Amino acid sequence: MNSLHLAYAAIGTLSVLLALFSNRIRELPLSGPLLSLLLGVAVGPYALDLFPLSTETRDSLLLEGTRVLLAASVMTAALRFPVTSLRGLVPQFALLLCVVMPLAAVVSGTAALVLGLPLALAALVGACLCPTDPVLAASVVTGEPAERDLPERVRKLLTGESGANDGLALLLVGTAVAVVLPLTGPGDAVGRLLLEVVGAVVLGTVLGAAAGKAMEAATSRRKLEEGPSLVFTLLLAISVLGVARLIGVGGVLAVFVAGLAYNRTVRRGERGPQQNIDEAVNRYLALPVFVLLGMALPWSEWIGFGPAAPAFVLAVLLLRRPPLLLAFTRPLGLRPRSAAFAGWFGPMGVSALFYAAHSAHEGVHDPRLFAAVSLAVAASVAAHGLTSSPFRRMYVRVPGRNRPGGPSESEDASGR
């Protein structure tokens, strides 16, 4: 129990400090997830060794912790912009989800081969790493500095992509799991996964629209107090996640679709305060997960990979997204500078950990899976945490940009 209380104190103190200096930290080459990861390393078995953690406990905590965190995060992403403002980006979202994400899985899986993994396990690593993490992406696209410096189009693309592909990656991960496990067939798995995805879309649409209508009715009749109204969408996220798990459909995707349906139904006046609360909760709810990751980092397995480990990290960071978005600069309606920025800031984080834990829950117990995924995630947390503020400032240092007020959406809309 003393160890648990120490965890409360350490994580709580870090959260308080991050909250007190939240504006300042957004301007520094630091991030809450990076500091939390370092805290986890400090209290983990290779430093102070304050919290013994078995593999089974690690996987259970990561599976449910990341599931709940992803639900809150994709709900926040769904509320970040009015749905009507995203309609013009549907072709771009389709390109990111149907082309870029599978290609990212192929690139990441190919990179995993340098670690000496068998082909099927490498493909599973690639599938786990392919989605853009909404938790880490939020630190890039939200806050006053991001709203001031980045084009709205870039922020919308990263938000919509990170919200949707965390649920849709289930198709790739589930198929890869079926290939790794000899007792399952990929064909049967794909059919089941498609039903889970379709069911998630239907469930999310129905529950989100119903919640929106109920909110509108309760607000117009003054039956809803201010306090409950502020956390309503978080409660909705947990509710949809639970119902989705009970009926066996994709929970994360269902929550994102429910958020979009709710967003489409309610007026902006009700959605704005809820979004602010959701953003704050999403920002600080992630900290314990990254502390847990820091405690669970498999240093011995990483050392066992040898010189292939840094080669794998560099390949995933540099080849998984940047070349793909640069190749699709014109179809995405971006300038090369914006495509390079969006390509670099497609971080790997909570979603990759969730799918690694999900794969273990499904029966993939090869320790090299978590070792490879956690290596990429730790590298992404460090690389993107250290570069988010400097790269954002580099982005806006272009002669002729209007200051103050930041770049406008129209700057990138032409694609030239």
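Because the structure is predicted, anything quoted here is derived from the model rather than measured. These values consider heavy atoms only, across backbone and side chains, with no hydrogens, waters or symmetry-generated copies.
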Problem - Contact check, side chains of L292 and P288, non-hydrogen atoms, under 4.5 Å - result: no
Exercise for the section: Output every pair passing side chain to side chain donor-acceptor pair (under 3.5 Å) with a member in residues 93-111, not counting sequence neighbours, ordered by first then second residue. Expected result: none
Practice task
Please confirm whether the backbone N or O of L129 pairs with a side-chain atom of Y355, one donor and one acceptor, at under 3.5 Å?
Solution key: no
Exercise for the section: Please check if the side chain of T66 supplies one atom and the backbone of L62 the other of a donor-acceptor pair under 3.5 Å. Expected result: yes
Problem - Partner set under side chain to side chain contact (heavy atoms under 4.5 Å, CB included) for P331, not counting sequence neighbours - result: L95, F328
Practice task
Determine, step by step, whether K213 and E216 satisfy the salt bridge (charged side-chain N to carboxylate O under 4.0 Å, His left out) criterion, reporting the C-alpha distance in whole Å, the side-chain angles of both residues, the deciding distance to 0.1 Å, and the verdict.
Solution key: CA-CA 5 Å; K213 294 292 186 183; E216 290 283 275; over 6 Å; no
Practice task
Would you indicate whether the side-chain heavy atoms of Y262 and L207 approach each other to under 4.5 Å?
Solution key: no
Practice task
Quick one: which residue pairs count as a salt bridge (charged side-chain N to carboxylate O under 4.0 Å, His left out) with a foot in residues 190-201, not counting sequence neighbours?
Solution key: R192-E196
Problem - Heavy-atom side-chain contact between Y46 and S300 under 4.5 Å - result: yes
Donor-acceptor pairs under 3.5 Å, side chain of residues 370-383 to any protein atom, not counting sequence neighbours: which ones?
from : atom 1 : to   : atom 2 : distance (Å)
S374 : OG     : F370 : O      : 2.6
S374 : OG     : A371 : O      : 3.1
S380 : OG     : M348 : N      : 2.9
S380 : OG     : M348 : O      : 3.3
S380 : OG     : H384 : ND1    : 2.8

Practice task
Could you give me the CA-CA distance, side-chain angles and deciding distance for V141 and R80, then say whether side chain to side chain contact (heavy atoms under 4.5 Å, CB included) is met?
Solution key: CA-CA 10 Å; V141 300; R80 192 165 292 143; 3.7 Å; yes
Practice task
First locate atom CZ of R321, then atom SG of C130, and finally report the distance between them rounded to the nearest 0.5 Å.
Solution key: 11.0 Å
Completion exercise
Rounded to the nearest 0.5 angstrom, the CG-OG1 distance for L86 and T159 is 8.5 Å
Exercise for the section: Please tell me if the side chains of V190 and L171 come closer than 4.5 Å, counting only heavy atoms from C-beta onward. Expected result: no
Handout entry: Steps toward side chain to side chain contact (heavy atoms under 4.5 Å, CB included) verdict (L63, H358)
Key = CA-CA 6 Å; L63 179 62; H358 168 77; 4.1 Å; yes
Handout entry: Non-hydrogen side-chain atoms of L37 and V291 separated by less than 4.5 Å
Key = no
Exercise for the section: Report yes if some heavy atom in the side chain of L235 is under 4.5 Å from a heavy atom in the side chain of S239; otherwise report no. Expected result: no
Handout entry: Under the ring pair (Phe, Tyr, Trp, His ring centres under 6.0 Å) test, residues paired with F341 that sit two or more places apart
Key = F345, Y395
Problem - Donor-acceptor under 3.5 Å (R153 side chain, L332 main chain) - result: yes
Problem - Pairing residues for R320 by the salt bridge (charged side-chain N to carboxylate O under 4.0 Å, His left out) criterion, not counting sequence neighbours - result: none
Problem - Under 3.5 Å: donor-acceptor pair, side chain of N263, backbone of A78 - result: yes
Exercise for the section: Keeping the roles fixed (side chain from D133, backbone from V350), state whether a donor-acceptor pair exists under 3.5 Å. Expected result: yes
Problem - Expected output: side-chain R368 to main-chain F305 donor-acceptor under 3.5 Å - result: no
Problem - L96 side chain near L325 side chain, heavy-atom distance below 4.5 Å - result: yes
Handout entry: Side chain to side chain, V173 and S359, heavy atoms closer than 4.5 Å
Key = yes
